[in-house]
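Chain letters run A, B, ... following the sequence lines, proteins first, then strands; residues in each count from 1. Below, all heavy atoms of this structure are taken into account, side chains as well, without hydrogens, waters or symmetry copies.
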Amino acid sequence: MITVTLPDGSQKQTARGTTIGDFVRDGIGAGLAKAALFARVNGQDVDLARPLTEDAKLQVFTTKSPEALELIRHDAAHVVASVVQRLFPGTQVTIGPSTEEGFYYDFFREKPFTPEDLEKIEAEANKEIARNLPFVRTEISMEEAIRLFEGKGEKFKVEIVKDIAAKGAKTLTLYSHGDWVDFCLGPHGPTTGRIGVIKILSSSGAYWRGDHRNPMLQRVYGTAFFDKKALQEYLTRIEEAKKRDHRKLGKELDLFHFHPFAPGSAFWTPKGTTLYQTLSNWMRRLTAEQGYVEIKTPLLFNKGLWEISGHWGKYKENMFLVLDNESGEHDFSLKPMNCPSHHLYFGFKRHSYRDLPLRLHTQDVLHRNEAAGSLGGLTRVRQFAQDDAHIYCMESQIGDEVRRFVQFLDHVYNAVGLQYSAKFSTRPEQRLGDDATWDQAETALEGVLKTLNVPYEVKPGEGAFYGPKIDFDVSDSIGRKWQLGTIQLDYLAAQRFDLTYIGEDNAEHRPVVLHRAIFGSFERFIAILTEHFAGAFPAWLAPVQAVIVTVADRQLDYARQVKEQLRAKGYRVELDERGQTLNAKIREAQIHKIPYTLVIGDNEVQAGAVAPRRYGGEDLKSMKLEDFQALLAKEAPLP
RNA sequence: GCCGGUGUAGCUCAGUCGGUAGAGCAACUGAUUUGUAAUCAGUAGGUCGCGGGUUCAAGUCCCGCCGCCGGCCCCA
């Protein structure tokens, strides 16, 4: 007999070799057994069909746990792969993991899937669920596995198996359902029937192993839920989220345009420009408060600069080169980043340790020649401006500067209500500088995250070759994550640009450079904010803070006075003078998500009042104009 | 750049089998003067993304290019 310990601490005895499924049914209850999908035994996730061979801590996962949803999506990926191979003979399988919202499976075949193909796949996959086939786990030797997949002509599978074998694995776990087999660590649910429902969402090309030199695979995206209702809720949520898409709102609220003659570069309307300028002014004020100084540097530089910075060698493909008529060569480039010019600026004069930390802030326009296929809305553009800054400091100041920055960023994101997640990227294999320096740098960055209790994910080896970094991601309306803020330590720049300061010891030292941004880029930040607020910007940021509507034309004279008075105070106010009904004008203001609609009728004219209505419908009732001004005075200033 | 989808009025979209383009909203004009989400009527608006080709005839079929959308790669 062996002892099984349950999550609540209770213990039960069972015969050695009892499967988990049987144990749960006989030892705990039939209800749980029916709902169970997989189990965690001594910390390892396993199938219910696995026997209990030793004393174990056992946790059972049912349809209620998020882990189970992930599991059935993995099950679904297997099912989809099996029906694809049945429907499209000759298609080779590769890999198919679950993702945050569903799963995908990459196939190799000559012809891409058509939308009709995807419908067929979805229908077949759901039939496979109805067949309720058991998932069967077996183990075979690596040699057998290679023979098995070679026999099937699965070249990609063979390649993966060989890689796994090269890492020292002796056996391979196979999972089959029906007559289809794949290798996979598992676990899987008991049967295909437990998946519930599969929805195929889209397909796209994807490079084998993510490398553009490799063959292109056909990726099928899908998702799975325990029941149709949950799927429908998900689909509805996606539809709702699309309404918040900044590209859609950008049109509806008249914020920006794009033209085919300038792909990836926005035209900003007066309203969009207000957003842009308001954020710019806000960041200028904040950086000044934080001890930064703002500078402007040239937009166009000779390649000499890029040769020193290393961009000419490593980043040239992404730079817009400019012809110099005199030399006849493309010797100049629009700057893709501010750092090199900041380094030049630092070098204009001798610096004392007393000057440090020197914090240079710049909001200049940058150009990057991004791949045409990667452009999209305001989140990925070719022309943009960062709230960029470089901090030149002594090594002893790094910790303090990083802490100040993370607090600064937290303040900014909190002020607009953005949730972010931090990623800490450590030393890559190819790197510059000795291990002691890296130790110090990584300790400094991670120490700040720990001290400030910022939850973060470690990305081992993903740091830049010149130093570790922390990135700050925020999700858009359809769940895609975008990097906004970043702070990167750089030990290389000072060397390449021969930057020095005179220390207390009267000797020359190299400063450390911190690259950092909070908005990331104004363009991307505005996109994210637009989706975050669903276009209903708070009063301080809203392009139009109040729109005045009159009940009848006879109040227009007074309404014009109100408009002028509010504008004189610096508020962004419009007057709707169209001869429309009150309802029509109010509707218009609501559609444009204006924070305040000021209704003016005879009562207001007489009382020197306005009747404000908040976006969303809240009627604040008639109040003196001065009272409304006091209200705006609280909400309209930069946070 | 690669794979797929897509492009018709300012916006959202319809346009059948190839037979020379339509609606709603917006705009403009007139009437209406209304108290918290659409007053009524009329007018105007299009080189169907661009360039070739097939055809008696192309928004519609074919080819190329461009843009946009979803991914891949990359990244703020």
Side-chain angles (χ1 to χ4, degrees), chain A residues 104 106 111-115 117-118 201-221 242 245 247-248 251-252 254 257-264 315 317-318 336-338 366 368-388 471-474 478 480 482-486 515-525 527-528 549-556 578-592 597-604 611-622:
Chain A
Y104 65 81
D106 285 347
K111 278 203 271 177
F113 297 107
T114 64
D117 292 341
L118 298 183
L201 297 168
S202 62
S203 68
S204 77
Y207 300 110
W208 168 237
R209 299 199 152 161
D211 190 324
H212 68 276
R213 291 165 299 195
N214 286 338
M216 177 149 296
L217 308 172
Q218 300 304 323
R219 177 170 294 181
V220 173
Y221 282 91
K242 280 184 185 162
D245 190 309
R247 290 165 296 197
K248 187 170 159 60
K251 268 184 199 160
E252 290 170 1
D254 191 27
H257 299 280
F258 285 93
H259 192 279
F261 285 160
Y315 202 73
E317 285 200 344
N318 281 300
M337 300 175 187
N338 291 303
L366 305 175
R368 296 184 189 175
N369 199 353
E370 302 291 352
S374 71
L375 300 176
L378 288 174
T379 45
R380 194 66 194 281
V381 289
R382 284 186 173 147
Q383 179 192 302
F384 59 100
Q386 297 180 316
D387 61 320
D388 203 3
D471 291 324
F472 299 87
D473 291 353
V474 174
I478 53 175
R480 292 179 298 198
W482 295 96
Q483 185 194 320
L484 300 180
T486 183
H515 305 251
R516 44 107 307 170
I518 292 176
F519 292 161
S521 76
F522 286 92
E523 283 73 6
R524 186 174 286 179
F525 197 69
I528 292 289
V549 299
T550 58
V551 174
D553 287 352
R554 63 179 174 277
Q555 296 106 12
L556 275 174
R578 295 172 310 155
Q580 284 285 357
T581 58
L582 178 66
N583 276 350
K585 288 184 284 195
I586 286 176
R587 180 169 188 272
E588 184 84 359
Q590 293 296 306
I591 286 170
H592 287 99
T597 305
L598 306 180
V599 178
I600 289 177
D602 292 337
N603 299 340
E604 283 71 28
R613 171 201 163 106
R614 280 213 170 93
Y615 170 67
E618 187 192 356
D619 185 354
L620 299 185
K621 307 294 180 198
S622 211

message: Between A/Arg380 and A/Glu523, does the side-chain contact (heavy atoms from CB on, under 4.5 Å) criterion hold? Intermediate values first, please.
response: CA-CA 8 Å; A/Arg380 194 66 194 281; A/Glu523 283 73 6; over 6 Å; no

Check: A/Asn583 side chain, B/rU36 base, donor-acceptor under 3.5 Å: no

From B/rC73, B/rU34, B/rA37, nucleotide with atom closest to A/Arg613 side chain: B/rA37

message: Measuring from the side chain of A/Glu604 (C-beta onward, heavy atoms only), which nucleotide among B/rC75, B/rG35, B/rA37 has the closest atom?
response: B/rG35

task: Mind checking A/Gly520 for me? I need base, sugar-phosphate or nothing, with any heavy atom below 4.0 Å counting as a touch.
output: sugar-phosphate

- request: Determine if A/Phe384 stacks with B/rA76; use a centre-to-centre distance below 5.5 Å and an interplanar angle below 30° as the criteria.
  value: yes

query: Can you find a donor-acceptor N/O pair under 3.5 angstrom joining the side chain of A/Tyr207 to the base of B/rG71?
result: no

message: Given B/rC3, B/rA76, B/rA37, identify the nucleotide with an atom nearest to the side chain of A/Ser204.
response: B/rC3

query: Any idea which of B/rA76, B/rC72, B/rC11 is nearest the A/Lys251 side chain?
result: B/rC11

field: Contacts of type side-chain contact (heavy atoms from CB on, under 4.5 Å), residue A/Val551, not counting sequence neighbours
entry: A/Gln555, A/Leu582, A/Val599

statement: Out of B/rU39, B/rA76, B/rC3, minimum distance to the side chain of A/Thr581 belongs to B/rU39

task: Name the closest nucleotide to the A/Val599 side chain, picking from B/rU36, B/rG70, B/rA76.
output: B/rU36

field: Side chain of A/Asp619 - closest among B/rU36, B/rC11, B/rG71
entry: B/rU36

statement: From the candidates B/rC3, B/rG35, B/rC72, the one with an atom nearest any side-chain atom of A/Leu582 is B/rG35

query: Below 3.5 Å, does any donor atom in the side chain of A/Arg380 face an acceptor in the base of B/rC74, or the other way round?
result: yes

Taking only N/O atoms, report every protein-nucleotides 61-67 of chain B pair under 3.5 Å with atom names and distance.
none

- request: Remember a base hit wins even if backbone is also touched, and classify A/Leu375 as base, sugar-phosphate or nothing at under 4.0 Å, heavy atoms.
  value: sugar-phosphate

message: Given a 3.5 Å cut-off on both pairing distances, which stems involving RNA chain B, each at least three consecutive Watson-Crick or G-U pairs, are present, if any?
response: B:1-7 with B:66-72, B:10-13 with B:22-25, B:27-31 with B:39-43, B:49-53 with B:61-65

